[in-house]
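Written out below as structure tokens is the structure these notes cover.
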Number of protein chains: 2
Amino acid sequence: MVDGGKPRPMKGIRQLAEHLDISIGTVSRALNGKPDVNEETRKRVLAAAEQLGYVANQSGRSLRQGTTNVIGLMIQSSRETVENSDNFFLTVTGGLQSVFSRHNLDLIMLPCPHDEDPYEYLKRMVARRIVDALILSETQRVDKRFDLLAKAKIPFAALGRSLSGTQHPWADLDFDSVANSAVDRLVAHGHRRIAISVPTSDINLGFVFAEGYRRALQRHGIPYDPALVIRAQSSEQGGYQVADELLRLEDRPTAVILIYELMAIGLYRRVMEAGIIPGRDIAVVGFREAPRAKFLQPALTCFRTSLHDLGVELAEILLSVMPAYSHFYPDTNRQATWPLELVPGESDAFYLPSAK
Amino acid sequence: MVDGGKPRPMKGIRQLAEHLDISIGTVSRALNGKPDVNEETRKRVLAAAEQLGYVANQSGRSLRQGTTNVIGLMIQSSRETVENSDNFFLTVTGGLQSVFSRHNLDLIMLPCPHDEDPYEYLKRMVARRIVDALILSETQRVDKRFDLLAKAKIPFAALGRSLSGTQHPWADLDFDSVANSAVDRLVAHGHRRIAISVPTSDINLGFVFAEGYRRALQRHGIPYDPALVIRAQSSEQGGYQVADELLRLEDRPTAVILIYELMAIGLYRRVMEAGIIPGRDIAVVGFREAPRAKFLQPALTCFRTSLHDLGVELAEILLSVMPAYSHFYPDTNRQATWPLELVPGESDAFYLPSAK
DNA sequence: ACGCGCTCCGTAAACGTTTACGATACTAGG
DNA sequence: CCTAGTATCGTAAACGTTTACGGAGCGCGT
């Protein structure tokens, strides 16, 4: 052995260059797949890099080419989110990464602290240029963050819709038609007094959900009663409160649609305390996680989808608005409502006598 | 108005300097609170920076001073994690951030893709120098990642213990004494044949949990039966499978300890299918989330803790091993087992006839 | 022999900061 | 008036990359 074959800690591309006895520029070109470099030397460079464990310093690279190869997913982890979001984000993240990794992009999650204004937090992250592009989640009905990103000219997409940021790219669960189908199904079972739960925050999905519900009622000629739209946290506790509200109503609904399946746990509990059996005395339809719903007693009728695939779609949408990658995804539809599939359970299986 | 008061997009500290008509070095010193700068000019600089919306480019800063002011929390989001971890991470993250933000450190989450080896992923992240320090989670019993970090001389702490990385700093839930207390309580109720669920993966908490269980049995003179230690996913599905296993045993246990409270949903379901009523025919004790457990029917006896405060503790532990911050937390205990508190429910309230 | 094009490689500038160092002005003490 | 000391500021180097540019070597056609 001639000299140090032992991989001592890499300092930078310079060390690698003088170890190979070629210029630093050539090494860089070799590593980055640039055309004008001999295939023979490229192999040597790659081998040496692998052996010495060299990985390009991100700060240097970012500084030079103004790009970080990192995509940020901002999550607010608001109180409500912490209660309800489950592994929603982790699952979507899996889908996102499966696409990003093909382009050597890394995904990081940016959790906005509870006590910081999301807008300010985002502004800070944008200014620090720590990411090349951003994915926003938990979109509000009006959400100033879109204007911020548009003004900063940072590519972005959203996990969820918003009225702000005209025509911004997004992918979102089809809350609208879920509410629609749920009403349809319940009406077909003879129900006409149907309650619905919506989130307490101004998150846009609540509005979309409620609009789908309202539209379905109208289609069936059922009058809209605001008292049946119940705001509650998307948690077991929230489900308990929903049931509480329902029991308090004089003309008690015979069915209820929950925006989050775990709410059913609290709701079941509360109505049973009142001697009411879910699936027999009251119909319940939930949303979003079929495997979980199956284990409730009675099994919750629910809507299922692949959040992973939603992540894939969203990743492609984002890349299609990033100049450096848009040629890979030229004809992408920039706004995707993600379908869900009904999974029948026993929680709404009974028919009201009034139905024929 | 003299000239452009309108904040046009900031290019860098240079623009800011010539706008103020002072040197770039002084601006930098002013912004960073260095001593040798006139208080008067510092005020002017800060005001101008605020007005023009200048924020230091992170790449430039990182390149120069070799520090990023970012802490990474690596999460693996393995299949099992996605099923079970819930908002565990988001809640702990809140605690972490409440400490980090005091030091102007940002926390990002690094989700390792399912199809990538965690070790390789971590190596990549370390080499790219995207973070100053790292927090590992979902620690395996033997976990090579600790050696990697030690070798790379990157400050780190772990959310969870491991046998690797001798004396590495960590904070962890006290799985040991939870299992202990659960057994104590069940034995006091007259149970002697007590099953326990552990994770399917090699995550260390499963071993710790099982050890506490085993130790408690020994203390009570109850023989250890390996058939009663049931490996299952920490999910509703897993709970269902646990119940399945229990029902298949010839000498059926009268009590079961679950490592994750949502497993109770599946377990309840399965045993009720067999005509067995939880809380009457079989005692169930769960773990980790009291507010959720309360809404199960019967309410699950459970152990509660503040994951937020666990995050706070972990953050302080990490900072205490970071040279730049260690003087803030000089006498921190570097290894913290986090206590949990029993929340009695109805799922284990009954006493076996054999108990006096 | 000459010019041209091609392949491959080295040189050096540039990215935006921070910071060591030196320069300047001013104050105080003699 | 001179000097030392202090407060404040400007200058320039350095961090590790990427990349525009030019140069060397070579083959080939005229």
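Lettering follows sequence order; numbering is per chain, from 1. All of these numbers come straight from a predicted model, not from anything done at the bench.
- Across all strands shown, A/Ile22 has heavy atoms under 4.0 Å from sugar-phosphate atoms exclusively, and none from any base.
- Side-chain contact between A/Phe156 and A/Val321: absent, with no pair of heavy atoms (C-beta onward) separated by less than 4.5 Å.
- Taking only side-chain nitrogens and oxygens, A/Thr26 comes nearer than 4.0 Å to OP1 or OP2 of C/dG10.
- By the 4.5 Å heavy-atom criterion applied to side chains, B/Leu31 and B/Tyr54 are counted as neighbours.
- Between A/Leu107 and A/Thr93, the closest side-chain pair of non-hydrogen atoms falls below 4.5 Å.
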For this session: Determine, for nucleotides 20-25 of chain C in 5'-to-3' order, which nucleotides have protein heavy atoms under 4.0 Å from the base (write B), from only the sugar-phosphate (write S), or from neither (write -).
Result: B-----

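- A/Phe328 meets the ring-ring contact (aromatic ring centres under 6.0 Å, His included) test with A/His103; sequence neighbours excluded.
- In this structure A/Ser162 satisfies the side-chain contact (heavy atoms from CB on, under 4.5 Å) test together with A/Thr139, A/Asp143, A/Phe146, A/Ser164, A/His168, sequence neighbours excluded.
- In terms of the side-chain hydrogen bond (donor to acceptor under 3.5 Å, both in side chains) criterion, residue partners of A/Ser320 (sequence neighbours excluded) are, by chain and number, A/Arg334.
- The nearest heavy atom of DNA chain D to A/Ser28 and to B/Val27 marks one nucleotide each, and the one closer to the 5' end goes with B/Val27.
- In this view, B/Leu163 and B/Arg141 satisfy the side-chain contact (heavy atoms from CB on, under 4.5 Å) rule, not counting sequence neighbours.
- Residues that satisfy the side-chain contact (heavy atoms from CB on, under 4.5 Å) test with B/Asn104, not counting sequence neighbours, are absent from this structure.
- Within a heavy-atom distance below 4.0 Å of DNA chain D, no residue of residues 37-47 of chain A is found.
- Atom CG of A/Asp21 has 12 or fewer heavy atoms from other residues, nucleotides or ligands within 6.0 Å.
- In the helix from C/dA1-D/dT30 to C/dG30-D/dC1, the rotation axis of the first five pairs and that of the last five pairs differ in direction by 60°, rounded to 10 degrees.
- In this view, A/Asp331 satisfies the side-chain contact (heavy atoms from CB on, under 4.5 Å) rule with no residue, not counting sequence neighbours.
- The nucleotide range of DNA chain D contacted by chain B, defined by atoms under 4.0 angstrom from heavy atoms of the protein and reported 5' to 3', is D/dT8 to D/dG16.
- The side-chain heavy atoms of B/Gln15 and B/His19, taken from C-beta on, include no pair separated by under 4.5 Å.
- Listed by chain and number, the residues in a side-chain hydrogen bond (donor to acceptor under 3.5 Å, both in side chains) with A/Glu116 are A/Arg124 (sequence neighbours excluded).
- The salt bridge (charged side-chain N to carboxylate O under 4.0 Å, His left out) check on A/Arg64 picks up nothing, with sequence neighbours excluded.
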